[in-house]
Visitor: 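Take a look at this one; I'll ask things after.
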Amino acid sequence: MSSLREVLAGPVLEVAPRLLGAVLTHGDVAVRLTEVEAYDGPNDPGSHAFRGRTPRNAAMFGDPGHLYVYFTYGMHHCCNVVCGPPGTPSAVLLRAGEVVRGAEIARSRRTSRSDRDLARGPARLCQALAIGLAENGADLTSGPLTLELGEQVTAVSTGPRVGLRGAPDRPWRFWESGAATVSSYRPAKRLPPAP
DNA sequence: CCTACGATCGTCT
DNA sequence: GACGATCGTAGGT
């Protein structure tokens, strides 16, 4: 049986689907992951690390098994699990999951009508788990934030990533087939019609 | 169900 | 100075 850190140190495209079914816990709230996206560091025009290391993305260049959290759209946070061999800035964006513990608390943090939507979407997942910049770089093998691999999910679907422009479409989004909590797909803004 | 749009600010050009 | 790994609401079908 391999440790979490060993698994996360593998190639990002192998790690990402293995995270489906894993449970991320922060204090009293826990979320079982149903949708993730792979970001392959320097080879990936869609990755925050594509243009090298900056203060914001520094956590991606750290050891696997840590969190990379960023702030976007002036109001939302998204979180990634850093993976790949140490120093390779690869990460898996946690896009959605189902709240399996602490639903009461998660509900109080969110303005959502249904429990299904509590952690459905990357920023909602962060809200439900109270993950913000304070958690950037957090070690997932100790402390209040922990990640536990679950039973391997066998029914996995793949498709293009969400919300990206300027990156070739790569089927690097993975979700548990049929899961109710998978985020709704919003295609990237369409280009204006050619003249 | 769907598409459209405003919010709001850190980051990098 | 432009834009974003998004969300919630509004309104139409």
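Order of the sequence lines sets the chain letters (A, B, ...), proteins ahead of strands, with each chain counted from 1. In this text the structure is predicted, and so the values were computed from the model without any measurement.
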Visitor: For the side chain of A/His66 and the backbone of A/Gly137, is there at least one donor-acceptor N/O pair under 3.5 Å apart?
Guide: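 Yes, because the side chain of A/His66 sits within donor-acceptor range (under 3.5 Å) of the backbone of A/Gly137.
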Visitor: Step through the shown structure and confirm whether more than 12 heavy atoms of other residues, nucleotides or ligands are within 6.0 Å of CZ on A/Arg51.
Guide: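 For A/Arg51, atom CZ is not crowded (no more than 12 foreign heavy atoms under 6.0 Å).
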Visitor: Dump the pairs, protein N or O against N or O of nucleotides 8-10 of chain B, anything under 3.5 Å, distances to one decimal.
Guide:
{"unit_1": "B/dT8", "atom_1": "O2", "unit_2": "A/Tyr73", "atom_2": "O", "d": "2.6"}

Visitor: With no hydrogens and no angle check, just 3.5 Å: does a side-chain donor-acceptor pair link A/Ser112 and A/Arg124?
Guide: no
Visitor: Would one find a side-chain N or O of A/Arg120 under 4.0 angstrom from OP1 or OP2 of C/dC7?
Guide: no
Visitor: Round to the nearest Å and state the distance from A/Arg53 atom CZ to B/dT11 atom C1'.
Guide: 16 Å
Visitor: Using whole Å, what does the distance between atom P of nucleotide B/dG6 and atom NE2 of A/His76 come to?
Guide: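 Those two atoms, NE2 and P, are 15 Å apart.
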Visitor: Could you check whether any side-chain heavy atom of A/Val92 comes within less than 4.5 Å of a side-chain heavy atom of A/Leu8, counting everything from C-beta outward?
Guide: no
Visitor: Does C/dA5 have OP1 or OP2 sitting under 4.0 Å from an N or O in the side chain of A/Arg173?
Guide: no
Visitor: Taking the side chain from A/Glu14 and the backbone from A/Pro11, do they hold a donor-acceptor pair closer than 3.5 Å?
Guide: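 Checking the backbone N and O of A/Pro11 against the side chain of A/Glu14, no donor-acceptor pair under 3.5 Å is found.
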Visitor: Using atom CE of A/Met60 as one end and atom C1' of C/dA5 as the other, report the distance to the nearest whole Å.
Guide: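 Answer to the nearest Å: 10 Å.
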Visitor: Check whether any side-chain heavy atom of A/Arg95 lies under 4.5 Å from a side-chain heavy atom of A/Val36, and answer yes or no.
Guide: no
Visitor: Remember a base hit wins even if backbone is also touched, and classify A/Thr54 as base, sugar-phosphate or nothing at under 4.0 Å, heavy atoms.
Guide: sugar-phosphate
Visitor: Please give, in whole Å, the distance from C/dA5 P to A/Tyr68 OH?
Guide: 9 Å
Visitor: Search all heavy atoms of A/Arg120 against all heavy atoms of A/Ala180 and return the closest pair with its distance.
Guide: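 Closest heavy-atom pair between A/Arg120 and A/Ala180: NE-O, 3.8 Å.
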Visitor: Can you tell me how far apart CZ (A/Phe174) and CZ (A/Arg161) are? Round to the nearest 0.5 Å.
Guide: 10.0 Å
Visitor: Starting from P on C/dG4, measure out to OH on A/Tyr70 and report it in whole angstrom.
Guide: 12 Å
Visitor: Quickly work out the A/Tyr185 OH to B/dC2 C1' distance and round it to whole Å.
Guide: 16 Å
Visitor: Taking both distances under 3.5 Å as the test for a Watson-Crick or G-U pair, what stems of at least three pairs does DNA chain C have?
Guide: B:1-7 with C:6-12, B:9-12 with C:1-4
Visitor: Could you tell me the separation between the NE2 atom of A/His77 and the P atom of C/dC7, rounded to a whole number of Å?
Guide: 13 Å
Visitor: In terms of side-chain heavy atoms of A/Arg124, which of B/dC12, C/dC7, C/dA5 is nearest?
Guide: C/dC7
Visitor: Take atom CZ of A/Arg109 and atom P of C/dC7, then tell me their distance rounded to the nearest Å.
Guide: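 About 17 Å, once rounded to whole Å.
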Visitor: Checking A/Asp117 side chain against A/Ser114 main chain: does a donor-acceptor pair fall under 3.5 Å?
Guide: no
